[in-house]
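For reference, the structure discussed in these notes is given below.
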Amino acid sequence: MVSKRLMGVWAGLDVCLLAAGAVTLALSIVWRAPNVLMNMVISKADLTAGTVLGIAFIATFAISVAAIVQRNHVTVGLVILNYALLLDAIGVFCVGTFIWMFTLHERDNFHKLWAEAPSSTRLTLQDHFKCCGYFNGSDFAEIGGFCQSQDFINGLVANVTSNFCVTPLTGFADYTLNNIFTTVIYGFMAIVLCLLLASLCVIKKVCLIFGFVAQFSFPFQRQEDERFKRIDAKRGGRGFV
């Protein structure tokens with residue numbers, strides 16, 4: 001019989017998985033709204049990955065509900081749930097690794113994005129950060145707004161930390177992407193793995209056939225009371241000793 005404490009932990013982790021899916025899906029939709037700065041920092045590929053991850057979490061939650069309402073001796077749903085959780089963990093690892101790899105070369109990566117961006121985007125970012133050009137005043141600087149003229153740009157002190165856009169842009173990007181990376185890797189991965197372990201514990205308690213680990217050729221596992229009953233029966237006993 002599964003203890004109430006174990007089921008409480010399992011249910012709590014399952015709700016956390018649903019919340020993670022809902023938050024990921026919601027942010028992936030909200031961040032698609034027109035916003036010059038956010039649209040440069042968070043690419044469409046990032047948002048698509050977030051959408052897929054959010055849907056995967058919600059689908060896994062649905063699988064978990066269908067699995068847990070089965071009768072105690074039916075564990076195939078929980079086995080499927082554990083495979084789904086493994087796929088979720090792989091997805092979380094891939095998304096987190098992609099974000100982390102991008103942050104290793106932020107200045108160069110955003111320089112490419114800055115060069116490829118339309119003039120209106122560069123102009124908006126220059127006005128937002130009060131800077132002109134990326135690495136210097138001649139590095140794709142746009143005249144207009146804060147950078148009112150070429151003479152104004154030429155008169156800027158060569159201080160990359162304040163007068164040019166590389167530092168404020170990558171500073172915002174680093175803060176945003178590292179927070180996303182931390183949430184994905186340490187937050188979502190913890191939920192997925194803890195729920196996987198809790199599901200294994202539930203299977204261990206309720207099943208009389210293969211548990212999840214048995215799918216990987218581990219020894220056949222039975223509930224302890226059933227195992228001892230069979231041993232006692234072989235010895236000719238009538239009761240459970």
Open item on the list: Whether the Asn136 and Ser138 side chains hold a donor-acceptor pair (N or O, under 3.5 Å, no angle test) is what I'd like checked.
Closed with: yes
Examine [X] and [Y] and state if one hydrophobic cluster contains both, with Ile, Leu, Val, Met, Phe, Trp and Tyr joined whenever side-chain heavy atoms are less than 4.5 Å apart.
X: Val192; Y: Phe61; result: no
X: Ile63; Y: Val92; result: yes
X: Ile153; Y: Phe140; result: no
X: Val52; Y: Leu85; result: no
X: Val95; Y: Ile90; result: no

Side chain to side chain contact (heavy atoms under 4.5 Å, CB included) between Phe135 and Arg107: does it pass, once the steps are laid out? CA-CA 9 Å; Phe135 282 119; Arg107 293 166 74 90; 3.9 Å; yes
Looking at side-chain heavy atoms only, is the closest gap between [X] and [Y] below 4.5 Å?
X: Phe98; Y: Asp46; value: yes
X: Thr176; Y: Phe172; value: yes
X: Val184; Y: Met189; value: no
X: Asn178; Y: Trp100; value: no
X: Asn39; Y: Lys44; value: no
X: Ile143; Y: Leu123; value: no

Nearest heavy-atom neighbours spanning [X] and [Y]:
X: Leu195; Y: Asp14; value: CD2-OD1, 3.7 Å
X: Asn82; Y: Leu200; value: ND2-CD2, 3.8 Å
X: Cys147; Y: Phe152; value: CA-CD2, 3.9 Å
X: Phe164; Y: Gly137; value: CE2-N, 3.2 Å
X: Leu193; Y: Ala89; value: CD2-CB, 4.4 Å
X: Val202; Y: Met7; value: CG2-SD, 4.1 Å

Return yes when the gap between the SG atoms of Cys165 and Cys132 is under 2.5 Å; return no otherwise. no
The ring pair (Phe, Tyr, Trp, His ring centres under 6.0 Å) partners of Phe102 (sequence neighbours excluded) come to Phe110
Using 0.5 Å steps for rounding, measure from the [atom1] atom of [X] to the [atom2] atom of [Y].
X: Ile191; Y: Asp88; atom1: CD1; atom2: CG; answer: 11.0 Å
X: Ile180; Y: Ile185; atom1: CD1; atom2: CD1; answer: 12.0 Å
X: Leu53; Y: Thr48; atom1: CG; atom2: OG1; answer: 12.5 Å
X: Phe146; Y: His128; atom1: CZ; atom2: NE2; answer: 13.0 Å
X: Leu169; Y: Cys131; atom1: CG; atom2: SG; answer: 8.0 Å
X: Glu106; Y: Asp174; atom1: CD; atom2: CG; answer: 4.0 Å

Notebook entry, point to check: Can Phe57 and Phe188 be said to form a ring pair (Phe, Tyr, Trp, His ring centres under 6.0 Å), step by step?
Noted result: CA-CA 10 Å; Phe57 286 166; Phe188 293 170; 5.5 Å; yes
Under the 3.5 angstrom rule, does the side chain of [X] hit a backbone N or O of [Y] as a donor-acceptor pair?
X: Thr60; Y: Ala56; result: yes
X: Tyr134; Y: Lys112; result: no
X: Asn179; Y: Tyr175; result: yes
X: Trp31; Y: Ile42; result: no

Enumerate, atom names and distances included, each donor-acceptor pair closer than 3.5 Å involving a side-chain atom of residues 19-28, sequence neighbours excluded.
unit_1 : atom_1 : unit_2 : atom_2 : d
Thr24  : OG1    : Ala20  : O      : 2.7
Ser28  : OG     : Thr24  : O      : 2.7
Ser28  : OG     : Thr51  : N      : 3.3

Determine whether Phe129 and Leu37 satisfy the following criterion, side chain to side chain contact (heavy atoms under 4.5 Å, CB included), listing intermediate values before the conclusion.
CA-CA 10 Å; Phe129 290 118; Leu37 182 56; 3.8 Å; yes
Query raised in the report: What do the steps show when you test Trp10 against Cys201 for side chain to side chain contact (heavy atoms under 4.5 Å, CB included), and what is the final call?
Result: CA-CA 9 Å; Trp10 186 93; Cys201 292; over 6 Å; no
Applied to residues 114-141, the salt bridge (Lys or Arg N to Asp or Glu O under 4.0 Å) test, sequence neighbours excluded, yields Arg122-Glu142
